[in-house]
Amino acid sequence: MNQQDTDRAATLCWVEIGPRRYPIYIGSGLLSETDLLRRHIPKQQAMIVSNTTVADLYVDKLTEALTDKQCDTVILPDGEQFKNLDTLNQIFDQLLKQKHHRGTVIIAFGGGVIGDMAGFAASCYQRGVPFIQVPTTLLAQVDASVGGKTAVNHALGKNMIGAFHQPLAVIIDTDTLNTLATREFNAGLAEVIKYGLIHDMDFFAWLEGNINKIIAKEAQALQTMIYHCCQIKADIVAADETEQGIRALLNLGHTFGHAFENGLGYGQWLHGEAVAAGMVVAAELSQDLGYIQAEDVARVKQLLQQCQLPIAAPAALSIETCMDLMSVDKKVMDHRLRLVLLKSMGQGFVTDTVDTTAVIKALQTCGLDKEE
Ligand code: NAD
Ligand code: GLY
């Protein structure tokens, strides 16, 4: 953490990408701090994109902040299975029906699914309009809302149709986590643990020491944790906005995880659950290749287990299915699988030299079988 500042009740950090630098506000009660939202909507139009669940709980707080503007709302169905081009089109339909021009601001209000879809809509509508992220799940607050990756899924691969499009601001009201289902909260913790493993062993150790407070959603522990994750992500994105290098580390566990998620059918395992199991495969492989020790893998598993996250691959999938799904991963280059592994605890690295047999062995260690 190197850039802490305060803005009313909020902690503030910045994603430093030159003239497109933007703030991340983190704090309790920020949905009621109407000025935070309004300062990033200079013109007269805004379109809130949300889903049935989040809109029922909170959308009035946003619309009340914008009563003097043309503020329209599009409410999408809730779920990863709706993160596709058909649903995306509903956003464009509303923008056009309500005559939104290029000065409009799209407000992504929900979890990572809404953030990714609303952000992608913003990147395309009239060749690009600005947007604000107001994430309401832990996963979206610590990861998806920061960094400008936007996408929808294709039947043949997750997040395959998308764009880089940075938001104007990210507004994180930590109080929204109080209504989040425990399973969803825990799924977000997988991405939190990821930051420790790839970048910051002190943070991993802090998580081990504070996990009970975090699971109990103690306000100070949550704010500290979310701030720390956002700062790590902001630093990585500032160094490598379009993932030419270091940003790929953020995909620890994701190559395996995306295959688990897609192979089971979107909506069966949560994204964070799939990432948790994927990180265990990556840790086992890292141990097998001699980088980390068995006790390190045990630490990873223990922390994930304390968060009630899976530490084995889904047994319903075969190794062949997983390998096939991984071959369309976005990190595949020149037909070579690129994996994020652990050189040591707190230090991730990217490699495209791992032998397929070692990958298969790690998947077997984590519970997958070959087809008969
Ligand atoms: P999600 O958006 O599906 O939200 C999970 C559930 O929680 C949904 O049912 C949602 O309606 C509900 N919900 C949201 N906020 C709530 C609240 N405050 N109270 C009660 N319920 C609430 O899932 P997610 O885990 O937030 O995001 C997963 C998605 O994020 C995946 O599609 C993944 O690909 C994407 N993602 C993107 C990035 C990125 O960098 N763009 C990074 C990580 C993940
Ligand atoms: N969640 C991975 C990234 O933003 O790069």
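In each ligand, atom 1 is the first atom listed, and ligand 1 is the first ligand listed. Nothing here was measured: the structure is a model prediction, and the numbers come from that model.
By the 3.5 Å distance cut-off applied to N or O atoms, Lys149 is counted among the residues near ligand 2. Remark: ligand 1 and Val146 share no N or O pair separated by less than 3.5 Å (distance only, no angle test). Residue Tyr58 has no nitrogen or oxygen atom sitting less than 3.5 Å from a nitrogen or oxygen atom of ligand 1, judged on distance alone. Looking at ligand 1, you'll find an N or O of Asn51 within less than 3.5 Å of one of its N or O atoms. Between Asp143 and ligand 2, at least one N/O pair is under 3.5 Å apart. Checked against a 3.5 angstrom limit, the closest N/O atoms of Lys233 and ligand 2 fall inside it.
Proximity of a side-chain donor or acceptor of Asn210 to a complementary backbone N or O of Trp206 within less than 3.5 Å is detected. Counting only distance, with no hydrogens or angles, the side chain of Asp72 and the backbone of Met47 share no donor-acceptor pair below 3.5 Å. Side-chain N or O atoms of Arg338 include none that pairs as donor or acceptor with a backbone N or O of Thr351 at under 3.5 Å.
For atom 39 (C) of ligand 1, the closest non-hydrogen atom of the protein is Ala144 CA, 3.5 Å. The protein heavy-atom contact nearest to atom 30 (O) of ligand 1 is Gly112 CA, 3.3 Å. From the protein, the heavy atom lying nearest to atom 22 (C) of ligand 1 is Leu180 CD1, 3.6 Å. Distance from atom 34 (O) of ligand 1 to its nearest protein heavy atom, with residue and atom name: Lys158 NZ, 2.8 Å. Here the protein heavy atom with the shortest distance to atom 31 (C) of ligand 1 is Glu80 OE1, 3.2 Å. Looking at atom 3 (O) of ligand 1, its nearest protein heavy atom turns out to be Val113 CG2, 3.4 Å.
Defined by atom type and a distance below 3.5 Å, a donor-acceptor pair is present between the side-chain atoms of Gln244 and Thr242. Residues His199 and Asp235 have side chains that never bring a donor and an acceptor to within less than 3.5 angstrom of each other. Side-chain atoms of Asp78 and Thr52 form no donor-acceptor pair, as typed in the model, at a separation below 3.5 Å. Side-chain atoms of Glu191 and His271 form a donor-acceptor pair, as typed in the model, at a separation below 3.5 Å. In the model, Ser344 has a side-chain atom that pairs as donor or acceptor with a side-chain atom of Gln347 under 3.5 Å. Counting only N and O atoms by type, the side chains of Asn153 and Glu80 include a donor and acceptor under 3.5 Å apart.
In this comparison of Val152, Val237, Thr179, the heavy atom closest to atom 17 (C) of ligand 1 sits on Thr179. Comparing Thr150, Asp143, Leu139 by heavy-atom distance to atom 28 (C) of ligand 1, the nearest is Leu139. Considering Thr137, Asp116, Asp56 only, the shortest heavy-atom separation from atom 14 (C) of ligand 1 involves Thr137.
Between Lys233 and Asp143 there is a salt bridge, with a side-chain nitrogen of the basic residue lying less than 4.0 Å from a carboxylate oxygen of the acidic one. A salt bridge does not link Asp296 with Lys301: every distance from a Lys NZ or Arg NE/NH1/NH2 to an Asp or Glu carboxylate oxygen is 4.0 Å or more.
Contact annotation: for Leu177 versus ligand 1, there are no heavy atoms closer than 4.0 Å. Under 4.0 angstrom from ligand 1, the non-hydrogen atoms of Thr53 all belong to its side chain. Contact annotation: for Asp78 versus ligand 1, heavy atoms closer than 4.0 Å belong to the side chain alone. Residue-level proximity to ligand 1 for Glu184 is carried by the side chain, the only part with a heavy atom below 4.0 angstrom. In Lys233, the part holding a heavy atom less than 4.0 Å from any atom of ligand 1 is the side chain. Contacts of Thr136 with ligand 1, taken as heavy-atom pairs under 4.0 Å, involve both backbone and side chain.
No side-chain heavy atom of Phe260 sits under 4.5 Å from any side-chain heavy atom of Thr321.
With ligand atoms numbered from 1 in the order given, ligand 1 contributes 19 (N), 20 (C) to contacts under 4.0 Å with heavy atoms of Leu57.
In this structure, Lys361 NZ and Leu368 CG are separated by 15.0 Å, a value rounded to the nearest 0.5 Å.
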